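Beneath this line is the structure, given in structure tokens, with notes to follow.
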Amino acid sequence: MEAMRAVQILNPSGEVTMPRPDRTRVMCVANQKGGVGKTTTTVNLAVALALHGNRVLVVDLDPQGNASTGLNVPHHTGVPDVYDCLINSMPLEEVTQAVEGIPNLWCVPATIDLAGAEIELVSVVARESRLDRAITAYPGHFDYVFIDCPPSLGLLTVNALVAAQEVLIPIQCEYYALEGLNQLINNINLVRQHLNPRLEVSTILLTMYDRRTRLADAVEQDVRNHFGDKVLHAVIPRNVRVSEAPSYGQSVVTYDPGSRGATSYFEAAQEIAERGVKEPVSRNA
Ligand SMILES: Nc1ncnc2c1ncn2[C@@H]1O[C@H](COP(=O)(O)OP(=O)(O)OP(=O)(O)O)[C@@H](O)[C@H]1O
Ligand SMILES: [Mg+2]
């Protein structure tokens with residue numbers, strides 16, 4: 001019911017379509033800075049795309065398990081999770097759960113076990129490409145795989161970068177927003193050189209934009225000057241409905257489809273979908 005209501009409110013005429021890509025787009029949502037909106041972005045883009053006919057898998061790669069919580073997917077101790085895939089070579093399909101209430105959306109949850117993976121991975125064979133292998137071996141076909149990264153540049157994030165073709169960087173419109181970004185870009189370049197030549201930064205999304213501040217505007221200009229057309233036109237405003245939604249185990253897209261947070265994520269998802277079929281995104285990230 002909520003899913004149908006969301007589609008009716010966000011896309012009343014049914015005019016907007018989110019075309020399915022002709023191959024799976026694996027997108028790593030990364031920024032080692034904490035609290036910039038990685039998980040919120042992952043959850044809401046995934047829901048918006050799934051509600052418009054795309055088959056979407058969310059891989060929760062953060063021991064905090066926020067994406068699992070946001071999608072209302074059980075992830076208490078004992079639930080098979082992404083840790084079992086990375087460390088015990090369990091097939092991804094055995095730990096995947098359907099997201100209740102949203103057709104076409106699945107989630108690989110993270111339990112607290114994943115906290116140990118960063119250290120345990122160090123001594124595992126092919127430690128950087130465990131997730132890539134698991135995703136490649138997945139028999140089901142997805143249009144999108146979103147990987148929600150933890151706020152660090154450790155082996156979990158490296159696994160996500162090796163598994164992905166695209167990096168989506170959410171940037172919070174705040175002072176210090178660009179600080180640390182160089183480090184992320186350097187890591188992406190290293191992974192591209194040594195482990196995954198197809199990797200590129202395809203998408204930048206500005207989050208928590210507060211139009212009342214001149215600072216937000218300055219950050220937006222800075223980011224647009226620096227990253228050009230990788231930056232989505234859609235900008236996510238700071239919106240209290242966005243922050244309320246997870247406590248109801250929902251995305252803002254279904255929790256309050258009329259809110260500015262929901263409409264912005266809907267627009268961002270539409271842009272991502274259209275870019276995926278129009279232009280092969282430029283090679284020089
Ligand atoms: N547009 C928004 N408006 C208001 N609050 C937001 C918005 N986006 C995210 N938040 C809130 O900000 C906090 C951080 O967001 P989120 O968890 O998505 O960031 P994160 O980058 O995944 O954090 P972490 O680095 O800890 O994984 C959350 O409490 C979330 O609800
Ligand atoms: Mg997060």
Side-chain angles (χ1 to χ4, degrees), residues 18-32 36-62 66-67 70-71 82 92 96 99 104-108 110 129 131-132 134-136 138 140-151 153 156-171 184-185 187-188 191-192 195-207 227 229-232 234 236 251 253 265-283 285:
M18 295 192 191
R20 298 172 63 183
D22 52 18
R23 53 166 177 91
T24 307
R25 293 176 74 186
V26 183
M27 303 186 80
C28 162
V29 182
N31 188 334
Q32 82 274 25
V36 299
K38 293 180 287 297
T39 303
T40 306
T41 296
T42 301
V43 165
N44 285 291
L45 292 178
V47 170
L49 286 160
L51 288 179
H52 290 82
N54 283 272
R55 288 170 59 85
V56 185
L57 177 68
V58 169
V59 177
D60 190 348
L61 202 59
D62 184 348
N66 295 152
L71 293 169
V82 70
L92 212 49
T96 302
V99 174
N104 300 320
L105 183 57
W106 291 265
C107 175
V108 172
S129 48
L131 184 63
D132 183 41
I135 291 176
T136 308
Y138 203 118
H141 173 79
F142 294 103
D143 296 310
Y144 288 88
V145 177
F146 286 101
I147 307 170
D148 185 29
C149 288
L153 292 172
L156 286 173
T157 298
V158 170
N159 262 271
L161 293 172
V162 172
Q165 301 116 30
E166 300 181 48
V167 189
L168 188 167
I169 308 178
I171 296 181
L184 174 62
I185 301 286
N187 273 43
I188 291 169
V191 169
R192 189 194 297 123
L195 297 161
N196 178 12
R198 64 192 174 156
L199 185 67
E200 61 184 319
V201 176
S202 68
T203 314
I204 309 276
L205 178 63
L206 293 161
T207 63
F227 290 102
D229 59 9
K230 293 181 192 302
V231 189
L232 296 182
I236 311 301
S251 65
V253 173
Y265 270 117
F266 173 78
E267 285 164 19
Q270 192 192 345
E271 267 186 73
I272 289 174
E274 277 170 4
R275 286 177 176 208
V277 290
K278 268 189 201 135
E279 354 135 13
V281 227
S282 73
R283 269 264 133 229

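What you see is a predicted model, and the numbers here were worked out from it, not measured in a lab.
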Straight-line distance of [X] [atom1] to [Y] [atom2], nearest 0.5 Å:
X: Leu156; Y: Leu161; atom1: CG; atom2: CG; result: 11.0 Å
X: Leu232; Y: Leu205; atom1: CG; atom2: CG; result: 5.5 Å
X: Met27; Y: Leu168; atom1: CE; atom2: CG; result: 4.5 Å
X: Thr157; Y: Leu61; atom1: OG1; atom2: CG; result: 7.0 Å
X: Leu57; Y: Asn104; atom1: CG; atom2: CG; result: 12.0 Å
X: Ile171; Y: Ile236; atom1: CD1; atom2: CD1; result: 13.0 Å

*Quick one: which residue pairs count as a side-chain hydrogen bond (donor to acceptor under 3.5 Å, both in side chains) with a foot in residues 48-61, not counting sequence neighbours?*
Asn11-His52, Asp60-Ser68
*Please test Asn66 against Thr40 for side chain to side chain contact (heavy atoms under 4.5 Å, CB included), starting from the C-alpha separation and ending with a verdict.*
CA-CA 9 Å; Asn66 295 152; Thr40 306; over 6 Å; no
Please report the closest heavy-atom contact between [X] and [Y], naming both atoms and the distance.
X: Ala46; Y: Val58; result: CB-CG2, 3.4 Å
X: Arg275; Y: Val231; result: NH2-O, 3.5 Å
X: Leu45; Y: Ala268; result: CD2-CB, 3.9 Å
X: Asn31; Y: Pro170; result: ND2-O, 2.9 Å
X: Val43; Y: Gly70; result: CG1-O, 4.4 Å
X: Pro19; Y: Val277; result: CG-CG2, 3.7 Å

*Parallel, tilted or perpendicular, as decided by the 30° and 60° cut-offs, for the rings of Tyr138 and Phe142*: perpendicular
*Measure the shortest side-chain to side-chain distance between Val145 and Ile135 over non-hydrogen atoms and say whether it is less than 4.5 angstrom.*
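A side-chain contact under 4.5 Å exists here.
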Hey, does the side chain of [X] reach the backbone of [Y] with a donor-acceptor pair shorter than 3.5 angstrom?
X: Lys38; Y: Cys149; answer: no
X: Asp143; Y: Arg20; answer: no
X: Arg25; Y: Ile272; answer: yes
X: Asp62; Y: Ala67; answer: no
X: Arg198; Y: Gln165; answer: no

*Stepwise side chain to side chain contact (heavy atoms under 4.5 Å, CB included) test for Ile185 and Phe227*: CA-CA 12 Å; Ile185 301 286; Phe227 290 102; 4.1 Å; yes
*What do the steps show when you test Ser251 against Tyr265 for side-chain hydrogen bond (donor to acceptor under 3.5 Å, both in side chains), and what is the final call?*
CA-CA 10 Å; Ser251 65; Tyr265 270 117; over 6 Å; no
